[in-house]
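Worksheet: the structure to be examined is printed underneath.
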Amino acid sequence: MNSRGAHAVAQTKKQHLGGLAGSESENLETAPPRLMRFSEVEQDHAPVSSLGCIAAWVRTFLAQPHPHLGRNGSVCPFVPVALRFDTIWMTEVGDATPDFDRICQIITEYRDIFLQTEPVTGADALNKAFLVVFPSLAANGPEGAAIVDNVQATLKRHFVDMGLMLGEFHSANESPGLRNPNFRPLRSPIPMLAIRHMVESDLPFLARDTYPAEERASFLRSYLFRLGGVLSESKFNEAVAALIAAELALLSSAA
């Protein structure tokens with residue numbers, strides 16, 4: 001599916017919703033901005049543009065090794081393969097002052113489009129990602145970053161339930177690297193949210209003790225339900241052990 005085809009999903013939804021009468025249709029937002037393949041962004045958008053800036057950051061940071069990463073390979077192992085197959089899709093939300101509710105709506109719409117954009121199954125689907133960029137939030141400094149963080153925290157459980165991951169990126173992101181707690185792999189020059197399929201290596205991001213036990217247990221149940229049949233034995237056992245620990249913590253807190 002090309003970029004026009006991916007956006008056609010959103011346009012079809014818009015046309016269907018446009019047929020609703022009265023107050024229902026008056027409260028509906030317009031369809032989300034068009035998605036573009038990464039190669040299209042690099043070809044048509046200058047490096048100083050918002051999408052061009054993010055594309056350059058993806059290629060020169062996420063797709064490259066880093067001395068502070070704490071392991072060999074690129075910062076994000078998924079990215080070099082996705083660049084090779086051109087399965088990263090990007091879009092820019094031009095709203096001047098998008099608030100929490102509006103961004104939640106936009107990201108939920110892109111989640112549904114993501115699930116309908118080819119490839120939808122098999123190994124190739126794991127290389128697909130959507131990057132939704134919010135340039136206007138950059139000017140809001142900490143407040144803009146907080147909106148991105150709050151949207152991700154609010155929607156993550158719904159994404160994980162569907163076998164998806166939602167990542168938050170902005171210049172003030174304090175999430176540490178897995179191998180080096182002083183490394184900040186999620187710091188991007190412009191705020192954005194990223195959608196992709198859940199994979200085996202996501203277990204550490206779902207089992208963190210910083211999550212409440214109930215939320216952690218929910219993440220781990222979804223992880224095992226979605227990936228249990230394809231997990232390595234070691235990852236399966238690790239996930240089960242983490243789920244048991246979360247469930248025991250729940251029981252302890254209820255006692």
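In this chain, numbering begins with 1 at the start of the sequence shown. Below, all heavy atoms of this structure are taken into account, side chains as well, without hydrogens, waters or symmetry copies.
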Mind checking whether Phe61 and Trp57 have parallel, tilted or perpendicular rings, split at 30° and 60°? parallel
Atom CD of Glu233: over 12 foreign heavy atoms under 6.0 Å: no
Which pairs pass side-chain hydrogen bond (donor to acceptor under 3.5 Å, both in side chains) with one or both residues in residues 72-86, sequence neighbours excluded? Ser39-Asp86
Side-chain contact, heavy-atom cut-off 4.5 Å: Val48 with Cys53? no
Closer than 3.5 angstrom, by distance alone: can the side chain of Glu200 be matched with the main-chain N or O of Ser232 as a donor-acceptor pair? yes
What do the steps show when you test Leu51 against Asp44 for side-chain contact (heavy atoms from CB on, under 4.5 Å), and what is the final call? CA-CA 10 Å; Leu51 289 182; Asp44 296 341; over 6 Å; no
Please determine whether a side-chain nitrogen of the Lys or Arg among Arg37 and Glu40 lies less than 4.0 Å from a carboxylate oxygen of the Asp or Glu. no
Treating Arg179 as the side-chain partner and Phe183 as the backbone partner, does any N or O pair qualify as donor plus acceptor under 3.5 Å? no
Does a side-chain heavy-atom distance below 4.5 Å link Leu206 with Lys156? yes
Nearest 0.5 angstrom please: Arg216 CZ to Arg221 CZ, how far? 11.5 Å
Tell me, do Phe130 and Thr91 make a side-chain contact under 4.5 Å, heavy atoms counted? no
Going by chain and number, the hydrophobic cluster around Val81 (ILVMFWY, side chain to side chain under 4.5 Å) further includes Phe85
Hey, does Asn140 have a side-chain heavy atom less than 4.5 Å from the side chain of Leu137? yes
State whether the side chain of Lys128 and the backbone N or O of Thr117 hold a donor-acceptor pair below 3.5 Å, judged by distance alone. yes
Within the distance-only criterion (no hydrogens, no angle test), does the side chain of Asn173 pair as donor or acceptor with the backbone N or O of Ser175 below 3.5 angstrom? yes
Derivation and outcome, side-chain contact (heavy atoms from CB on, under 4.5 Å), residues Leu69 and Asn180: CA-CA 6 Å; Leu69 182 58; Asn180 178 1; over 6 Å; no
Return yes if some donor-acceptor pair links the side-chain N/O of Glu42 with the main-chain N/O of Phe38 below 3.5 Å, else return no. no
For a 4.5 angstrom cut-off between non-hydrogen side-chain atoms, does Met192 reach Val132? no
Enter the distance from Phe100:CZ to Thr154:OG1 here, rounded to the nearest 0.5 Å. 3.5 Å
Taking side chain as C-beta onward, heavy atoms only, is Phe159 less than 4.5 Å from Ile195? yes
Distance (rounded to the nearest 0.5 Å) between Met36 CE and Leu131 CG: 11.0 Å
With a 3.5 Å cut-off and no angle check, do the side chains of Arg157 and Ser218 form a donor-acceptor pair? yes
CD (Gln105) and OG1 (Thr108) are apart, to the nearest 0.5 Å, by 8.0 Å
Mark yes or no for whether Glu92, through its side chain, and Ser50, through its backbone, hold a donor-acceptor pair below 3.5 Å. no
Step by step, would you call Asp202 with Arg226 a salt bridge (charged side-chain N to carboxylate O under 4.0 Å, His left out)? CA-CA 12 Å; Asp202 285 322; Arg226 294 286 178 176; over 6 Å; no
Is there a donor-acceptor contact under 3.5 Å from the side chain of Arg59 to the main chain of Gln64? no
By ring pair (Phe, Tyr, Trp, His ring centres under 6.0 Å), which residues pair with Tyr211, not counting sequence neighbours? Phe219
Can Leu164 and Met198 be said to form a side-chain contact (heavy atoms from CB on, under 4.5 Å), step by step? CA-CA 5 Å; Leu164 303 175; Met198 184 192 301; over 6 Å; no
Counterpart residues, salt bridge (charged side-chain N to carboxylate O under 4.0 Å, His left out), relative to Asp149 (two or more places apart): none
Is the distance from the ring center of Phe114 to that of His197 below 6.0 Å? yes
When you look at CZ of Phe225, are more than 12 heavy atoms from neighbouring residues, nucleotides or ligands closer to it than 6.0 Å? no
Show which side-chain atoms of residues 119-127 pair as donor or acceptor with protein atoms under 3.5 Å away, not counting sequence neighbours.
none

Just how far is it from atom CG of Asn237 to atom CG of Leu231, taken to the nearest 0.5 Å? 10.0 Å
Got a sec, which residues hit salt bridge (charged side-chain N to carboxylate O under 4.0 Å, His left out) with Glu215, two or more places apart in sequence or on another chain? none
State whether the side chain of Ser136 and the backbone N or O of Thr97 hold a donor-acceptor pair below 3.5 Å, judged by distance alone. no
Atom pair CG (Leu203) and OH (Tyr223), whose distance is rounded to the nearest 0.5 Å: 4.5 Å
Check: Val58 and Val79 side chains under 4.5 Å, non-hydrogen atoms: yes
With a 4.5 Å cut-off on side-chain heavy atoms, are Ile88 and Val41 touching? no
Please answer: with hydrophobic residues joined when any side-chain heavy atoms are less than 4.5 Å apart, are Val240 and Val199 in the same cluster? no
